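Working notes, structure below.
Note that the structure is a prediction, hence the values are computed from the model and not measured.
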Amino acid sequence: MSVRFKDERKLLGRMDNGIIEDLLHGSIDMHIHPGPDPVADRPCDSGTMALEAQKAGMAGIVLKSVTYPTASDAFIIQKHLTPDLRVFGAVVIAYAETGGLAYAADVIRKQASIGAKVVWFPTFDAKWCTDYLHSGHGIYILDREGNLKPEIHDILRVCLEYGLVVCSGHMSFVETDKLFDACNKMGITKMVATHPLAELSRFTMDQILELASKGVYIEHVYGTLMPRLGNMDPSDYVDCIHAVGAERSILGTDLGQVWDPTPASGMRHFIAMMLQFGCTPKEVEWMVKINPASLLDI
């Protein structure tokens, strides 16, 4: 995919480093992958990532693992290492982390009681993802009639009770759409579509706009702009942001792999890239500060 703006003069001009630093200071990354991790090589652990984010002046991070809940890590790190950085734990609905759907509501309730703030529906264990990657039998949240399985309503009741952020993970659009319809009916307003433009998600622009019209925040992540995940065109992000509105969009890094920059460094570059490709500083502020802070009650 070519970069449409690569020959335009504005990409060759100077950028105000002060604007980038101002936006990085107080920013919140809701999507980082710390080590150790039994299924992927991670160069940095949670504490190292948090210390770097605090040094950069960021306001908060969310720790995400696809194999274990991170609430206890987040509590210890914020208490003993990063008093000036909010660190949030999360749960991913997965075979290793929640035992699939059957025990997910109970696991999420216990984790929320010690501070977990974000729930991702199935990611690499989602059927949409396992079918695409040919990686085994995945979790599907709909029954044979196309309705949400009873376990999903149990999960959402816990999310409502604790004010948790509900993220779609790597599920299909059909599942995602029905999940967020149920959220709206229950009064859950903290909804995030997980990197819907990414190859693992493959949502169309019409589908993204439909989700946004239902109050869902649309996430864009730095990781998918890198060669390892498709080398996506930043212009497509900016087009989507302008179609949806920055007020309904968030930026995260999704970083933590051995070939990546560290999350704090990646956030700085992501901010600069979005400015370079056509977002205004105010739009970026909505996506890295205002919206994440609202979702996390900061």
Side-chain angles (χ1 to χ4, degrees), residues 3-6 8-32 49 52-62 64 84-86 88 118 165 167 190-198 205 208-209 211-212 215-226 229 231-255 260-298:
V3 179
R4 296 196 304 274
F5 299 136
K6 66 181 178 181
E8 292 192 8
R9 181 176 296 274
K10 70 178 182 177
L11 290 188
L12 302 178
R14 295 175 61 88
M15 293 187 68
D16 188 335
N17 185 63
I19 293 175
I20 298 170
E21 293 299 328
D22 285 346
L23 289 167
L24 179 62
H25 191 275
S27 64
I28 301 164
D29 188 348
M30 290 186 62
H31 197 153
I32 69 173
M49 289 179 171
E52 187 193 46
Q54 179 177 257
K55 184 177 180 180
M58 295 176 65
I61 59 174
V62 176
K64 178 185 181 185
D84 297 323
L85 177 79
R86 298 293 301 277
F88 297 93
V118 180
V165 182
C167 302
K190 298 177 179 180
M191 303 174 286
V192 176
T194 306
H195 50 54
L197 285 176
M205 183 57 66
I208 291 170
L209 289 171
L211 294 176
V216 178
Y217 288 91
I218 307 302
E219 179 196 49
H220 302 286
V221 296
Y222 178 76
T224 52
L225 299 177
M226 302 181 68
L229 284 178
N231 200 28
M232 291 184 64
D233 185 345
S235 303
D236 292 332
Y237 279 13
V238 175
D239 288 348
C240 184
I241 290 163
H242 288 160
V244 169
E247 299 86 351
R248 192 50 60 183
S249 305
I250 60 172
L251 302 181
T253 65
D254 198 4
L255 294 181
D260 291 338
T262 56
S265 177
M267 178 60 86
R268 186 190 184 283
H269 191 204
F270 199 12
I271 288 169
M273 188 179 292
M274 291 297 96
L275 293 172
Q276 187 180 31
F277 278 79
C279 286
T280 67
K282 186 61 181 180
E283 287 174 327
V284 175
E285 182 184 8
W286 272 105
M287 296 185 288
V288 302
K289 294 185 180 183
I290 299 171
N291 293 338
S294 176
L295 286 166
L296 296 170
D297 298 318
I298 295 179

Fill in: salt bridge (Lys or Arg N to Asp or Glu O under 4.0 Å) between K282 and E285, worked out
CA-CA 5 Å; K282 186 61 181 180; E285 182 184 8; 3.2 Å; yes

Worksheet, complete the sentence: On a heavy-atom basis, the closest approach of L255 and P261 is CD1-O, 3.6 Å

Worksheet entry | Exam field: side chain D29 to backbone I61, donor-acceptor pair closer than 3.5 Å | no

Worksheet item: Can you tell me if S249 uses its side chain to pair, donor with acceptor, with the backbone of G245 under 3.5 Å?
Response: yes

Worksheet item: Quick one: does R248's side chain have a donor or acceptor within less than 3.5 Å of a partner on G215's backbone?
Response: yes

Item to complete: List in chain and number order the residues that pass ring-ring contact (aromatic ring centres under 6.0 Å, His included) with Y222, two or more places apart in sequence or in another chain; answer none if no residue qualifies.
Response: H269, F270

Worksheet, complete the sentence: Looking only at heavy atoms, the pair that brings L85 and G60 closest together is CD1-N, 3.4 Å

Discussion item. Working to the nearest 0.5 angstrom, can you tell me the gap between K190 NZ and D297 CG?
Written reply: 3.0 Å

Worksheet item: Is C279 close to M287 at the side-chain level, that is, under 4.5 Å between some pair of heavy atoms?
Response: yes

Discussion item. Once rounded to the nearest 0.5 Å, what's the spacing between atom OG1 of T253 and atom CG of D260?
Written reply: 8.0 Å

Worksheet item: Quick one: are R86 and L296 in side-chain contact, heavy atoms under 4.5 Å?
Response: no

Worksheet item: Under a 4.5 Å cut-off applied to non-hydrogen side-chain atoms, are S27 and L24 in contact?
Response: yes

Worksheet, complete the sentence: Heavy atoms of E247 and Y217 approach each other most closely as O-CE2, 3.6 Å

Item to complete: Measure the shortest side-chain to side-chain distance between V165 and M30 over non-hydrogen atoms and say whether it is less than 4.5 angstrom.
Response: yes

Item to complete: State the CD1-CZ distance between I241 and F277, to the nearest 0.5 angstrom.
Response: 12.0 Å

Discussion item. Looking at S294 and N291, would you say the former's side chain and the latter's main chain have a donor-acceptor pair under 3.5 Å?
Written reply: no

Worksheet item: Which value, rounded to the nearest 0.5 Å, describes the distance between L275 atom CG and I19 atom CD1?
Response: 7.0 Å

Item to complete: Check A59 against I28 and note the closest heavy-atom contact, atom names and distance.
Response: CB-CG1, 4.0 Å

Worksheet item: So how far is it from L295 CG to F88 CZ, rounded to the nearest 0.5 Å?
Response: 10.5 Å

Discussion item. Using 0.5 Å steps for rounding, measure from the CE atom of M274 to the CD1 atom of I20.
Written reply: 12.0 Å

For residues 191-198, please give each side-chain donor-acceptor pair under 3.5 Å, one per line with the distance, not counting sequence neighbours.
residue : atom : partner : partner atom : Å
T194    : OG1  : S168    : N            : 3.4
T194    : OG1  : G169    : N            : 2.9
H195    : ND1  : S201    : OG           : 3.2
H195    : NE2  : H170    : NE2          : 3.4

Worksheet item: Can you find a pair of side-chain heavy atoms, one from E283 and one from H242, that are under 4.5 Å apart?
Response: yes

Item to complete: Check for a donor-acceptor pair, side chain of K289 on one end and backbone N or O of H25 on the other, with a separation under 3.5 Å.
Response: yes

Practice prompt. Could you tell me whether the side chain of S265 and the main chain of T262 form a donor-acceptor pair under 3.5 Å?
Written response: no

Item to complete: Determine the minimum heavy-atom distance between V244 and A212, stating which atoms define it.
Response: CG1-CB, 3.7 Å

